[in-house]
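A quick write-up on the structure given underneath.
Just so we're on the same page: letters track the sequence lines, and every chain starts at 1. None of these values were measured; they are calculated from a predicted model.
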Number of protein chains: 2
Amino acid sequence: MEARIEKVKQQLQSQGYKLTPQREATVRVLLENEEDHLSAEDVFMLVKEKAPEIGLATVYRTLELLSEMHVVEKMNFGDGVARYDLRTESNKHHHHHLICVQCGSMTEIMEDWLIPLEERLEKEYGFSVLDHRLDFQGICAKCNAARASETKEETDK
Amino acid sequence: MEARIEKVKQQLQSQGYKLTPQREATVRVLLENEEDHLSAEDVFMLVKEKAPEIGLATVYRTLELLSEMHVVEKMNFGDGVARYDLRTESNKHHHHHLICVQCGSMTEIMEDWLIPLEERLEKEYGFSVLDHRLDFQGICAKCNAARASETKEETDK
DNA sequence: ATGAATGCAAACTTTTTGCAGGACT
DNA sequence: AGTCCTGCAAAAAGTTTGCATTCAT
């Protein structure tokens, strides 16, 4: 944890930026919630617990800065707000999301199944892949099961 | 073209909605720009050419309605605006986007390279895929070429 | 005449920007 | 002293909503 903060600090300093208390608090919140996809507002509220004086604009500016430094990834799930994720060590972000259209749950698969595709893109399109994003919309196992057991009631459709 | 309008009309009517002139004009704009990913504002401006009296709110309401009917797909590319795409006949939307981080160009690949992955998801996770989205960020062939020829000047970095 | 749909304007939400004051070197 | 950074408030940008009017049955 401290090691990762230190790393961010060095990344910032290498570009002439400082790891101010506000920025550090923001990074800590992101570290402590690595599993989630926090919106700027989420981050703001969590950071406020450690640094109550912080302003929302600072959070936005920090997230944008971290985004430019590729420390976090700015994402959009179509719910009208941008969400931010700490990037993994490898600096590639091989997340696959399984988004259930029924219950809204989101599962993450870290496995990378796309390497062969990327190689094909490079060869056939001359396109050098830096990152990618793969989302699947569908019905999760739980909802599939629930659905199966409800079949009796659903005789009208 | 007329056939697809007619189909939308029937879809709307089956749910008790009408294909008003404004809605028809909106659908026509989407049909004529099927290759693009138009924002609501884009659609608004294009529709205005055919139906100058239309209001932006109507366009938003129409796009939302069409989205609910699964006639269009609402998408988010992370640029802060929602974009809308007519769905294909198959009701699946197998688009792959190659987004160049250098010049911002976006190429679309219609080919579906994900069928094997979807089968694997179904088997290993019990997740039934309804749709998916795959975006690659990277450097396109053109920028790659430009970059290669500029290497001489870039001796400072 | 009844309910659906529209245009306009106002409201709302998320994000960005301007600016004066503060902190650090 | 100079530059980067911050908080606040105002402004933008995108989208939604309320309401009176119009349209089609």
Please give, in whole Å, the distance from [N] [atom2] to [X] [atom1]?
| X | N | atom1 | atom2 | result |
| --- | --- | --- | --- | --- |
| Glu53(A) | dG7(D) | CD | P | 6 Å |
| Asp79(A) | dT16(D) | CG | P | 12 Å |
| Glu24(B) | dC23(D) | CD | P | 17 Å |
| Met45(B) | dG14(D) | CE | P | 11 Å |
| Leu19(A) | dC4(D) | CG | P | 17 Å |
| Tyr60(A) | dT15(C) | OH | P | 3 Å |
| Lys18(B) | dT22(D) | NZ | C1' | 11 Å |
| Gln13(A) | dC5(D) | CD | C1' | 15 Å |

Heavy atoms only, 4.0 Å cut-off, all strands: where does [X] land among base, sugar-phosphate and nothing?
| X | answer |
| --- | --- |
| Gln22(B) | sugar-phosphate |
| Glu64(A) | nothing |
| Leu56(A) | base |

Worksheet entry | Any Thr58(A) side-chain N or O less than 4.0 Å from OP1/OP2 of dC5(D) | no

Worksheet item: Between Thr20(B) and dT6(C), does any side-chain N or O lie under 4.0 Å from OP1 or OP2?
Response: yes

Discussion item. Under 3.5 Å, is there a donor on one side chain and an acceptor on the other for Ser128(B) and Glu122(B)?
Written reply: yes

Worksheet item: Taking the side chain from Arg83(B) and the backbone from Lys74(B), do they hold a donor-acceptor pair closer than 3.5 Å?
Response: no

Discussion item. Taking Gln22(B)'s backbone N and O only, do any of them form a donor-acceptor pair with Thr26(B)'s side chain (distance below 3.5 Å, no angle check)?
Written reply: yes

Fill in: Check: dG18(C) base within 3.5 Å donor-acceptor of Arg61(A) side chain
yes

Discussion item. Between Arg28(A) and Glu24(A), is the salt bridge (Lys or Arg N to Asp or Glu O under 4.0 Å) condition met? List the steps.
Written reply: CA-CA 6 Å; Arg28(A) 282 188 190 277; Glu24(A) 184 175 332; 2.8 Å; yes

Response to the item:
Heavy-atom nearest nucleotide on DNA chain C taken for Ala57(B) and for Gly16(B); more 5' hit belongs to Gly16(B)

Worksheet item: Are Glu2(A) and Lys7(A) close enough for a salt bridge, meaning some N to O gap below 4.0 Å?
Response: no

